[in-house]
Amino acid sequence: MALLTPASITELLERHALRPSRALGQHFLADPNTARRIVRLGGVKAGDRVLEIGPGVGSLTVALAETGASVTALELDRHVMPALAEVVAPWPDVRAVQGDALEVDLAALLTPHNRSCVETATSRGSSDASSGEGAWKLVANLPYNVATPLVARVLETAPTVGSLLVMVQREVGERLAAAPGGRDYGAISVKVAYYGIPRVVGAVPRTVFLPPPNVDSVLVRIDRHAAPPVDVPSPDALFRLVRAGFGQRRKMLRRSLQPELADRTLAVLDAAGVDPRQRAEALDLDAWAAVARAAA
């Protein structure tokens, strides 16, 4: 089956009486060369297990499937599902699932079981993703309005996803991959660095979407660490400190961390070897881990 183009997407939308939803931030990828480029940068090959979030009408899904990968495409919009099912019908290794990626049990979704071609995802639960047969790859054109929490949720709750290749708004991509000291460096940058190695691997022009968005896009790849690069008593406690620090990023740490550390703030920073006059963006992951250990 040929990859989707502006003409074929327009015809598909008309036949299913669909219009891109502004509320859901739908901008359908309509360029086969870009779709194949995303697949290549994601390192997808035959036999891989791929999770795609926000497939829309299946432009990227087909490009993933043509590699011989097994694809689970998770789509929020139930109105789009009939069109998506039609597009992926020729591909037996594509599974289209209707559900909210911020709510579904990702561990259960990625656990091997007997699958139908089209189904509805279950809500979040306590399934153990570690029973999966090998690592998954996330390759997705993420809905821009929820891209940051989606990336964080996959990193936190889907440990069998070994790599992520996501298309996001340029500003979001720069924050995901930012290094300490820059204006883009923030709480999400620290969290991503804890779980993996991020890098911006390419830009995507607005003209490849239908309809074109009003923002620029980039491709970000995150390769998960085999184990966290720092030792902390609790990742949750680490991230609470990070959020507090960046919640008032103009303030020095001796002030911004008080909501978490109260009257222990100066003592904790001293024990961690961190200057209390520094601001949150000056601390790399190692420094934040030192603060978390001192605060435990």
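Just so it is clear, the model here is predicted, and its values are computed rather than measured.
- In this structure, the side chains of Arg37 and Val204 come closer than 4.5 Å at one or more pairs of heavy atoms.
- Between the side chain of Arg153 and the main chain of Ala101, a donor-acceptor pair closer than 3.5 Å is present.
- Side-chain contact check for Val154 versus Leu150: every heavy-atom pair is 4.5 Å or farther apart.
- Defined by atom type and a distance below 3.5 Å, a donor-acceptor pair is present between the side-chain atoms of Glu52 and Thr61.
- At least one side-chain heavy atom of Asn141 sits less than 4.5 Å from a side-chain heavy atom of Phe209.
- Using a 4.0 Å cut-off between a side-chain N of Lys or Arg and a carboxylate O of Asp or Glu, Glu260 and Arg243 do not qualify as a salt bridge.
- Contact check for Asp275 versus Leu269: no side-chain heavy atoms found under the 4.5 Å cut-off.
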*Show the numbers, then the answer: is there a salt bridge (charged side-chain N to carboxylate O under 4.0 Å, His left out) between Arg170 and Glu174?*
CA-CA 6 Å; Arg170 179 175 60 81; Glu174 290 171 349; 3.2 Å; yes

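- Checked by atom type and distance alone, the side chain of Lys137 pairs as donor or acceptor with a backbone atom of Gly43 at under 3.5 Å.
- Using a 4.5 Å heavy-atom threshold, the side chains of Phe239 and Tyr194 count as touching.
- Other residues, nucleotides and ligands contribute only 12 or fewer heavy atoms inside 6.0 Å of the CZ atom of Arg277.
- In this structure, the side chain of Arg249 does not engage the main chain of Glu281 through any donor-acceptor pair within 3.5 Å.
- A donor-acceptor pair is defined here as one N or O able to donate and one able to accept, closer than 3.5 Å; such a pair exists between the side chain of Arg206 and the backbone of Asn214.
- Between Arg175 and Glu171, no side-chain nitrogen of the basic residue sits less than 4.0 Å from a carboxylate oxygen of the acidic one, so the salt-bridge criterion is not met.
- No donor-acceptor distance shorter than 3.5 angstrom exists from the side chain of Asp48 to the backbone of Val50, with no hydrogens or angles considered.
- In terms of modelled atom types and a separation under 3.5 Å, the side chain of Glu75 and the main chain of Gly56 share a donor-acceptor contact.
- In this structure, the side chains of Leu261 and Leu241 come closer than 4.5 Å at one or more pairs of heavy atoms.
- You'll find the side chain of Lys45 stays beyond 4.5 Å of the side chain of Thr67, heavy atoms only.
- Distance OG1/Thr34 to CG/Leu41: 10.5 Å, rounded to 0.5 Å.
- Every pair passing ring-ring contact (aromatic ring centres under 6.0 Å, His included) that includes a residue from residues 168-189 is listed here, sequence neighbours excluded: Tyr185-Phe246.
- Between the side chain of Arg293 and the backbone N or O of Ala272 there is no donor-acceptor pair closer than 3.5 Å.
- His27 places a side-chain N or O within 3.5 Å of a backbone atom of Pro211 that can act as its donor or acceptor partner.
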_Run the side-chain contact (heavy atoms from CB on, under 4.5 Å) test on Leu29 and Ile38 for me, step by step, so that the C-alpha distance in whole Å, both residues' side-chain angles and the decisive distance to 0.1 Å come before the verdict._
CA-CA 11 Å; Leu29 182 61; Ile38 293 169; 4.0 Å; yes

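- Annotation for Ala65 and Val71: closest pair N-CG2, 4.2 Å, computed over non-hydrogen atoms.
- Put simply, the side chain of Val62 does not reach to within 4.5 Å of the side chain of Val94, judged on heavy atoms.
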